[in-house]
Participant: 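Dropping a structure here in structure tokens format, bear with me for questions.
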Amino acid sequence: MVAGLLERSLPLVWVSGEISNMTRAASGHWYFTLKDRSAQIRAVMFRGRAQYTGFVPREGDQVEVRALAGLYEPRGDFQLNVDTMRRAGAGDLYQRFLKLKAQLDGEGLFDPSRKRPLPRHPARIGVITSLQAAALQDVLTTLARRVPHIPVVIYPSPVQGSEAPAALIAALMRAGERHECDLLLLVRGGGSIEDLWAFNDERLARAIAASPIPVLTGVGHETDFTIADFVADVRAPTPTAAAEQAAIDRQTLVAEWVERVWALDRNMQRLLDRADQRLDWAVRLLRPPSAQWRERAHQLEQFAARLRSAKRARLERTRLGLIRAESRLRPPRIDASARLLEGLTRRLATALSRRLAAQDARTLRLTGALELVSPLAVLERGYAIVRDQAGQLRRDATGLKPGDGLRIQLAQDAIDARVERIAPEPRDP
């Protein structure tokens, strides 16, 4: 009855006090006493809720718990069943954090459009953190492993305490004035909200937004968020992750360079091949007329040779046919067969002569036709090809004047001449 009365009468309440008699059971439950100057009360926080606390309380810690009052019946003890625990003052700090976050968000400091992309290949990286911080060693180790060719400049500053915000702002301004880095890493290891409070300073947030150099933050653990993370150009979950995002790994970069070199080589080879093809085509188009005439004459010779070869092949086939026909003649009809053979031979000879005569006549006609269209034949008849100094064919004297040079192509030779006089010659109507 007492237990039910307590649970129904007292809602969830926040209680502030100092932890003492802290016991962490093997089951994962926490048993402790919460006290202040004038009172104390037993408390228990079961494993299912304790695992989400985010820190392990110790003797003497000042905490705030949200709990339900009740009675532990086996011992008759009045106790608090704790639902949530946080460090003392964390609630106020968190409310201040939310208020400042809403204010700066309303001013547009968190707007993605104002954030700058990180340089893909920074020439120098700056690190703003404490010289004694473990985060600095993590960052330097990661950078040395991934990008040992990139120099690192350290801007030392305390990262915790009341003087930390002003020191961090001074480091940011010093890096901006010197402008020796392409990227700034603002890093710190994990801790409570009080430990990270320097990165929730409004002045620091505005200094990050005004930095002429892109800022990459890596503050706390993956679940920790600060105002500096929201206003920075890029936020990394941890200092090590920030170092990994700062620059492309050297092996990846080398692989990209090798691939680009291969691509350039392939493209260059492709361009050279196309240029060679265009050059070959241009050379064929720019052949002199004499080479084209020689080629036509060579083709004519090939045609004539093919005709002669075809005639010889036809004669050979005819001869073989005669031999086969002769072998099939039967002995009992020698006389008749001889007469028949003689007649067939005469007919065949006559037909063959006529066929050969027709082939010869056709060959002569084709040869004559080819000669008629041959430029060499035109030149053989006494004509000439006249070109001016620019190599252009001349069909009349338009544009020529005394003293201009001419090149006259004859059937066998070429003559270089000079214009002495231009006399118009009327055409025969």
Side-chain angles (χ1 to χ4, degrees), residues 11-16 49 52-55 61-67 82-118 128-130 133 135 155 157-173 175-176 183-239 241-242 245:
L12 278 171
V13 294
W14 283 99
V15 181
S16 177
R49 306 304 303 175
Y52 298 111
T53 300
F55 69 98
D61 283 354
Q62 293 289 334
V63 297
E64 296 174 352
V65 300
R66 188 177 66 172
V82 178
D83 175 76
T84 303
M85 179 185 295
R86 66 190 182 195
R87 298 183 184 276
D92 294 337
L93 291 178
Y94 187 66
Q95 292 301 321
R96 290 166 55 191
F97 168 82
L98 293 178
K99 181 179 179 181
L100 179 59
K101 180 174 177 291
Q103 174 189 341
L104 297 181
D105 191 15
E107 295 179 13
L109 265 66
F110 303 162
D111 190 350
S113 62
R114 59 156 294 276
K115 298 191 177 184
R116 298 158 291 188
L118 301 184
I128 300 177
T129 189
S130 172
Y155 301 94
S157 169
V159 293
Q160 182 175 343
S162 59
E163 74 281 1
L168 291 171
I169 294 171
L172 276 170
M173 295 179 62
L183 175 64
L184 291 177
L185 272 60
L186 182 61
V187 297
R188 186 208 189 283
S192 64
I193 188 172
E194 295 91 343
D195 296 336
L196 304 179
W197 192 249
F199 294 88
N200 292 321
D201 188 85
E202 180 180 356
R203 296 168 301 166
L204 177 61
R206 297 187 185 279
I208 293 174
S211 172
I213 305 173
V215 178
L216 169 61
T217 58
V219 179
H221 299 301
E222 189 168 355
T223 57
D224 294 327
F225 280 88
T226 65
I227 297 297
D229 292 323
F230 289 109
V231 76
D233 296 290
V234 177
R235 180 253 179 189
T238 63
Q245 294 184 31

Participant: Checking side-chain contact (heavy atoms from CB on, under 4.5 Å) for the pair Leu109/Ile208: CA distance, chi angles, key distance, verdict?
Facilitator: CA-CA 10 Å; Leu109 265 66; Ile208 293 174; over 6 Å; no
Participant: Does any N or O in the side chain of Thr53 come within less than 3.5 Å of the main-chain N or O of Phe55, such that one atom is a donor and the other an acceptor?
Facilitator: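 No: the side chain of Thr53 does not pair with the backbone of Phe55.
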Participant: For Tyr155, give me all partners under ring pair (Phe, Tyr, Trp, His ring centres under 6.0 Å), at least two apart in sequence or on another chain.
Facilitator: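 Ring pair (Phe, Tyr, Trp, His ring centres under 6.0 Å) check on Tyr155 returns nothing, list empty.
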Participant: Roughly how far, to the nearest 0.5 Å, is CG of Leu168 from CD1 of Ile128?
Facilitator: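 Separation between the atoms: 7.5 Å.
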Participant: Counting distance only, does the side-chain N/O of Asp233 pair as donor-acceptor with the main-chain N or O of Leu216 below 3.5 Å?
Facilitator: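 A pair under 3.5 Å: no.
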Participant: Please report the shortest heavy-atom distance between Leu184 and Ser211, naming the atom on each side.
Facilitator: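 Answer, listing the atom of Leu184 first, then Ser211: CD1-OG, 4.1 Å.
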Participant: If you round to the nearest 0.5 Å, how far is CZ of Arg96 from CD1 of Ile227?
Facilitator: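 Going from CD1 on Ile227 over to CZ on Arg96, the span is 11.5 Å.
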Participant: What do the steps show when you test Tyr52 against Thr84 for side-chain contact (heavy atoms from CB on, under 4.5 Å), and what is the final call?
Facilitator: CA-CA 8 Å; Tyr52 298 111; Thr84 303; over 6 Å; no
Participant: If the condition is salt bridge (charged side-chain N to carboxylate O under 4.0 Å, His left out), which residues does Asp61 pass it with, not counting sequence neighbours?
Facilitator: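 Testing Asp61 for salt bridge (charged side-chain N to carboxylate O under 4.0 Å, His left out), a comparison that skips the adjacent residues, returns none.
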Participant: Begin with the C-alpha distance, continue with both residues' side-chain angles, and end with the deciding distance and a verdict on side-chain contact (heavy atoms from CB on, under 4.5 Å) for Leu186 and Phe199.
Facilitator: CA-CA 10 Å; Leu186 182 61; Phe199 294 88; 3.8 Å; yes
Participant: Just by distance, do the side chain of Thr129 and the backbone of Val187 share a donor-acceptor pair under 3.5 Å?
Facilitator: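 Yes: the side chain of Thr129 pairs with the backbone of Val187.
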Participant: Looking at Ala242 and Gly218, what are the two nearest heavy atoms and their distance?
Facilitator: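 So the two residues come closest at CB-CA, 4.2 Å.
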Participant: Is the backbone of Arg114 close enough, under 3.5 Å, to the side chain of Asp111 for a donor and an acceptor to pair up by distance?
Facilitator: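 No; zero donor-acceptor contacts below 3.5 Å.
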Participant: For the residue pair Gly190 and Leu196, what are the closest heavy atoms and their distance?
Facilitator: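 Closest approach of Gly190 to Leu196: C-CD2, 4.5 Å.
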Participant: How would you list, by chain and number, every residue that makes a side-chain contact (heavy atoms from CB on, under 4.5 Å) with Val82, sequence neighbours excluded?
Facilitator: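 side-chain contact (heavy atoms from CB on, under 4.5 Å) check on Val82 returns Phe32, Ala43, Met45, Val65, Ala67.
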Participant: Using atom types as modelled, flag every donor-acceptor pair under 3.5 Å from a side chain in residues 160-167 to any protein atom, sequence neighbours excluded.
Facilitator:
| unit_1 | atom_1 | unit_2 | atom_2 | d |
| --- | --- | --- | --- | --- |
| Gln160 | OE1 | Arg188 | NH2 | 2.5 |
| Gln160 | NE2 | Asp195 | OD1 | 3.0 |

Participant: Please report the closest heavy-atom contact between His221 and Arg235, naming both atoms and the distance.
Facilitator: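 Closest pair (atom of His221, atom of Arg235, distance): O-NH2, 3.7 Å.
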Participant: May I have all residue pairs that pass salt bridge (Lys or Arg N to Asp or Glu O under 4.0 Å) and include part of residues 97-109, sequence neighbours excluded?
Facilitator: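 Only Glu107-Arg206 qualify under salt bridge (Lys or Arg N to Asp or Glu O under 4.0 Å).
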Participant: Using atom types as modelled and distance alone, determine if a side-chain donor or acceptor of Asp229 lies under 3.5 Å from a backbone N or O of Thr226.
Facilitator: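 Judged by distance alone, yes, a pair lies under 3.5 Å.
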Participant: For residues Leu104 and Ala205, report the shortest heavy-atom separation together with the two atoms involved.
Facilitator: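 That closest heavy-atom pairing would be CD1-CB, 3.7 Å.
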Participant: Tell me whether Arg49 contacts the main-chain N or O of Asp83 through its side chain, where contact means a donor paired with an acceptor under 3.5 Å.
Facilitator: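 The answer is yes, because a donor-acceptor pair under 3.5 Å joins these two groups.
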Participant: So, using side-chain contact (heavy atoms from CB on, under 4.5 Å) as the criterion, who are the partners of Ala241 when residues are at least two apart?
Facilitator: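 With sequence neighbours excluded, Ala241 shows a side-chain contact (heavy atoms from CB on, under 4.5 Å) to Ala236, Pro237, Thr238, given in chain and number order.
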Participant: Could you report the tightest heavy-atom contact between Pro214 and Leu183, atom names first, then the distance?
Facilitator: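 Answer, listing the atom of Pro214 first, then Leu183: O-CD1, 3.5 Å.
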